[in-house]
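We count ligands from 1, going down the list as the structure has it; atoms in each ligand are counted the same way.
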Amino acid sequence: MHLYIESLGCARNQVDSENMAGELRRAGWSLTRDPADAAVIVVNTCSFVESAINESIDTILELARFKKTGRCNRLVVAGCLPERFREAIADALPEVDQFIGTGAFSRIVDAVTGGLDGGTCLLPDPDRIAIGQTAARERTQAHTAYLKIAEGCSRHCTYCIIPRLRGRQKSRPMDHILAEARELAGSGVKELNLVAQDTTHYGHDLPGPVGFDTLLVRLAEAAGQAWVRFLYGHPESITDGVIQAVAAHPNLCPYFDLPVQHAASRVLKQMGRNYDKRQLLDLFERIRSRVPGAAIRTTLIVGFPGETDADFQELLEFVEQVRFDHLGVFTYSDAEDLPSHQLPGHVSAKAARLRHDALMARQMEISADNLASMVGKTLPVLIEASCEPHLYEGRTILQAPEVDGIVFVKTQPDGPGATIGEIAPVAITDTLEYDLIGRVV
Ligand code: F3S
């Protein structure tokens, strides 16, 4: 009864994988880290952009080998890949025994045991994704956890497939989220990262409705000393109440993850983003004046249909003006099933790549400048891994897991030590372009 799960895609998908792993363990399966040892292999997939689709397919084909060379007798593919391509993907990948879409995660035990009716592809409406109380999760890490507060998205960004894969927004009841936060903090988790497709829009669909600022304040209390960070915010939903909540609670991370995607008004309009550059600059100014030292992260898309050289220059100037603490840049990924595919003025892959590289080159200098101001400070650092004797990796409250830079932490043989999963005071002594270097004091 050994089972192996591979989770691809975003942090929200990781939560789904951890929930499925918890369900499977309760049903008697033991989870293995070695796919060669597994009787059943589950791949939870992503199909957000072309590179993610290719990674999902490559992973499935790679793991399908264990049906010949290992012990695997059943391969299950879950999530966003079958949800996007539906029965066509089942026809294209005959190695797979069962596909289940995002609306069928709760049927994972049946999918694994072969107990599902209705062929190899089960795709109930994603609006039915269960988002209430979760069973015991099989979490990937002990000291940090993602906490899903809502599922789905009710916006209409023209480049994004996710609302079709995950349905309209469905917020979890607040008492379920608070109970999970208490349980995680009580079990020793030092950092809760709130995730959803549209995190800061939380609660608009609940009876009441309930505001994200209210949830933040309640979570600050429920989480005790644990850091609480939100990811995937939307600039339109950052109210003064949200900024105020972060300013008033030391365990709410002074960290604003706000993917703005672009700054040129014409491009933003074509993307279906209902704000302009002026509003963004005003928002960042309000955040920085009320939460001094806050980190602001964003992601941008270059090469969107219709983006001109002048639009790109405006974006570059915007990045120079805001001086983001963390920045991810993506080139536009086209697909026939996206509304943006119909827009005129598609940009060549080469031009998009050049724009990407120009932005990242500028950001590298901005990041190095920003980090230089940290040298000489002593900051709490969550120690996450050991690289070699007396050298660890960790993160400050201003660095999110997986997407931002890290801190390389040194210890002295006769000085204070560091423990993985604990927070240590670290004097910052030096920087790299995106990372900090320091020693435990
Ligand atoms: Fe990918 Fe699905 Fe997340 S498409 S980015 S795994 S919601």
Practice task
For Gln197, take its heavy atoms, then give the atoms of ligand 1 lying under 4.0 Å from any of them.
Solution key: 7 (S)

Practice task
Just grab all the salt bridge (Lys or Arg N to Asp or Glu O under 4.0 Å) pairs involving residues 216-238, residues at least two apart or on different chains.
Solution key: Arg155-Glu236, Glu191-Arg229

Exercise for the section: Quick one: list whatever passes side chain to side chain contact (heavy atoms under 4.5 Å, CB included) with Asp325, sequence neighbours left out. Expected result: Arg288, Ala295, Ile296, Asn370

Practice task
Take atom 2 (Fe) of ligand 1 and tell me which protein N, O or S atoms are nearer than 2.8 Å.
Solution key: Cys80 SG

Handout entry: Test: Asp282 and Arg278 ion pair at under 4.0 Å
Key = no

Problem - Centroid-centroid distance, Phe256 to Phe284, less than 6.0 Å - result: no

Handout entry: Glu18 and Gln14 side chains, donor-acceptor separation under 3.5 Å
Key = yes

Problem - Carboxylate-amine/guanidinium contact Arg168 Asp127, below 4.0 Å - result: no

Handout entry: Whether Arg84 lies under 4.0 Å from ligand 1, heavy atom
Key = no

Practice task
Could you list the residues that satisfy salt bridge (charged side-chain N to carboxylate O under 4.0 Å, His left out) with Arg355, not counting sequence neighbours?
Solution key: Glu307, Asp309

